[in-house]
Amino acid sequence: MTDFDHSSIETKWQRIWEEQRAFRAPDRPEGPRFYCLEMLPYPSGRIHMGHVRNYAIGDAVARYQLMKGRHLMHPMGWDSFGLPAENAAIQRGLHPREWTESNIADMREQLRRMGFAYDWSREIASHRPEYYRWNQWFFIQMHQRGLAYRSLRRVNWCPQCETVLANEQVESGACWRCKSLVVQKDLEQWFLRTSRYAEELLADLDTMGGWPERVLAMQRNWIGRSEGAFVDFAVEGGGPPLRVFTTRIDTIYGATFLALSPDHPALAELLEGSAARGGVEAFLHAQKQAPVGEKLSAEREKEGVFTGRHAVNPFSLERVPIWVANFIVMDYGTGAIMAVPAHDERDFEFATRYGLAVRTVIAPADGSSPAPPFTSEEGRTVESGPFSGLSCAQARKAMTEHARRLGFGEGSVQFRLKDWGISRQRYWGTPIPMVYCARCGVQPVPESELPVVLPTDVTFAGKGGNPLAGSASFVKARCPACGGEARRETDTMDTFVDSSWYFYRYLDPANDKAPFSPEAAAAWTPIDLYIGGITHAILHLMYARFWSMVMRDLGLGTPGEPVTRLLCQGMVQLGGATMSKSKGNVVAPDEMVERYGADVTRLFILFAAPPERDLEWSEAGIDGLQRFVRRVWRLVDAHASEAAGAGPPRRPAGTAALDLRRKAHRTLARVGDDIGRRLHLNTAIAAIMELVNALYLFAPLDENRSDGPDLSGEDRAVLRESLDILVQCLAPFAPHLAEEAWSRLGHAGLLARHPWPEPDPAMLEREEVTIVVQVNGKVRGKVAVPQGSDQEMVLEAVRRDARLGSVVFPPGAEGPRRAVFVPDKLLNLVVARP
RNA sequence: GCGAAAGUGGCGGAACUGGCAGACGCGCCGGACUUAGGAUCCGGUGGGGCAACCCAUGGGGGUUCGACUCCCCCCUUUCGCACCA
């Protein structure tokens, strides 16, 4: 009896896998392939339990698919640009590159010790010029096609990080990273035109059956498509008309005022000569002071002020006052609305506060007359001039057409999805490859001059501002058009750019002519399974989809949708909160590996909960997994010598042996299905535990003997087969243990690359099945009958059953009125109730 | 407010297409082996009666021969969006 020394055994197999290049993926797979991808980590320095869980899930699937005979692509890399490196530089005086590279080295080592089956030859890191030059290349391609543009925008600004934040990075008014209150600022920014793909991004969601419903819902919500119409209201006293967007043009006869965003560009002109000018300007000033968080809140009191001007409703020709209101946001629609207090809650609230008219123009179909505001679309228009009496849908159609014909409006579709602002005023990111020439304007850096490399002569003072702007050598540039002096763009790209296409670079990581070859992309994508946290359900996954569509349109051979199946694993929590360094509730994977080994750690984290569910960390159960590993090891250790000599089982042996064979083959089928189809890794492990229990019953171990019990030759063959199956089932979850056991059982070659066996169909059948016997739906007993028995045969068995017979057919009572029979499963007898 | 998911023993969780609720593990109880065991093996373990049976999957209704599973209402929790016109 030898103990399972996890430390030496795990190290040994990690070395052998590496030496034999066991997980190298071919550049061009021939035959079935599987691309298993896990979200790449930010190299913070240490891996945490969230990583371990993510990668243990992916590794189990990857190893299983490899054994199933598929060419496997299972790469790993580093999302290595970003703010923490810069902060570390400020705090420790290290260059961000040194800090990052050293973290990568540490974390790579930690991942190796977990025994994950990665093809490390494809490793990428986004902070390396070989990688980010392609960010720059993509940017230039997009710029040429009008997909990248520069625009002055009121942006969200984090005063702490001193950088712009995308809308997506503002969480209830605070910076998503540092939580400080976000303010607004006008800045020239680079944008990517995600809006051009809004329709496709939305429409595809309906076809993405391999994604969790909640992620699809979040993305739909985020894209936020609304069908409606623009309507132009002429301004009384001249000037250009005010254009509003509405989804309820059918209520336009109830519009009693217009409301403009405080940021509306037409305001200045409207206010000229208006008596209300002073009051409006005071209001606007007060609005500007309000912090962003408050500004975005729905609970905020609705406030506004009359501009002193009027507009004309083009349908009713009525005069309506023009107001400025704080609840109108500039970046949706036109920044101006027609307010219909009778049929919109917000408009109603505002009208009530300021004593504005409320006019009902929709009558509910049921004849009721509810108090305003009611927003239902069930009903007909009333008091709507020639459009009265139509259903809301009809009215919308007719009115939109009317506006179009008369030239004061048109149908329009609006999206909540905004273009992606990618400019960041940081050092540690991809330089945006543009230069500014006084004569020629904004010019892209020629492709031959890529990459634009980050300079090293920068100081990280922590005083704010972009360190890049302080690098004279970097800022000074030549204009590609005229050759004159020019100034280089110092903004860098949002790190979400890096992660939007990295999974294609893995396929062709050394390519220095293109980001990747179209052949490689076509051969390996779409990704079969992508695993990561739900935190990326919107941003990263939306950008990755957008980028794939752009690359497809650039002719790079990528599919429009990059991911066939998405698994969002739950978070690892401690004390009800996600583990995080700042909360101080982390458990270091290193310590677990040291104490229990990688196999036990992996088994535990996979067994404790199904992958999608949050997992509350508790070590209470880990002893069970350690026991399990030892039990497996003892089985193998005790039986290896005798089992090694046995051939395959020839014929059904005794009942016990036959039962064991069936158990083994059922386990094999179940584990395969649980990993390959259902992704229920916890139940797969449970099934393997059952097989281990069955093996112990079949061949009890005697502590006083070094060898196993006395078994017949046939029993030995069955035992041998079952042990082989056990070890193979275990390979995706506890790969080191499995390899060691495999070799102990006398097999040559790596188990990791050994074909996954097919269960013997004969062993999945049973000649006898247990039928549940119910009376009026209540279980009253069970009978054993041959598989495939019909109803009569089962009834006969029930009659013969000593106990059941009298329960089901009590003397003197009527027999069953009818029976519901599910073959091989259940018989339900419906009898008259007493 | 809108949207999504979840609620099952002391605990983590099973039950896939409506068909034996509680697989598997933790914990606990008992036994075996032991100088000892916090090692190992075997058995028990939802509740009530301790037998037949009855009750039980957040609560209440419904559909069905049969509901953890489907439908309606409600409660709780978590997550996402939050004045989107």
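Letters A, B, ... mirror the listed sequences (proteins, then strands); counts begin at 1.
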With sequence neighbours excluded, tell me which residues meet ring-ring contact (aromatic ring centres under 6.0 Å, His included) with [X].
X	result
A:His6	none
A:Tyr354	A:Trp323, A:Phe350
A:His665	none

Pairing string, 5' to 3', for RNA chain B - Watson-Crick or wobble contacts under 3.5 Å, brackets [ ] where pairs cross, | to another strand: (((((((..(((......[....)))((((((.......))))))(((....)))..(((((..]....))))))))))))....
Detail all sub-3.5 Å separations between protein N/O atoms and N/O atoms belonging to nucleotides 1-10 of chain B.
none

Please name all residues satisfying salt bridge (Lys or Arg N to Asp or Glu O under 4.0 Å) with [X], sequence neighbours left out, ordered by chain then number.
X	result
A:Asp623	none
A:Glu213	A:Arg220
A:Arg214	none
A:Arg359	A:Glu318

For residues 241-250 of chain A, which side-chain N or O atoms pair as donor and acceptor with protein atoms under 3.5 Å away, sequence neighbours left out?
from: A:Arg243; atom 1: NE; to: A:Asp232; atom 2: OD1; distance (Å): 2.8
from: A:Arg243; atom 1: NH1; to: A:Glu410; atom 2: OE2; distance (Å): 3.2
from: A:Arg243; atom 1: NH2; to: A:Asp232; atom 2: OD2; distance (Å): 3.3
from: A:Thr246; atom 1: OG1; to: A:Arg248; atom 2: N; distance (Å): 2.9
from: A:Arg248; atom 1: NE; to: A:Asp250; atom 2: OD1; distance (Å): 3.2
from: A:Arg248; atom 1: NE; to: A:Asp250; atom 2: OD2; distance (Å): 3.2
from: A:Arg248; atom 1: NH1; to: A:Thr375; atom 2: O; distance (Å): 3.0
from: A:Arg248; atom 1: NH2; to: A:Asp250; atom 2: OD2; distance (Å): 3.0
from: A:Asp250; atom 1: OD1; to: A:Arg396; atom 2: NH1; distance (Å): 3.4

Apply side chain to side chain contact (heavy atoms under 4.5 Å, CB included) to A:Asp344 and list each qualifying residue two or more places apart in sequence or on a separate chain. A:Arg346, A:Asp347
Pairwise N/O distances under 3.5 Å, protein to nucleotides 18-22 of chain B:
from: B:G19; atom 1: N2; to: A:Gln774; atom 2: OE1; distance (Å): 3.2
from: B:C20; atom 1: O2; to: A:Lys782; atom 2: NZ; distance (Å): 2.6

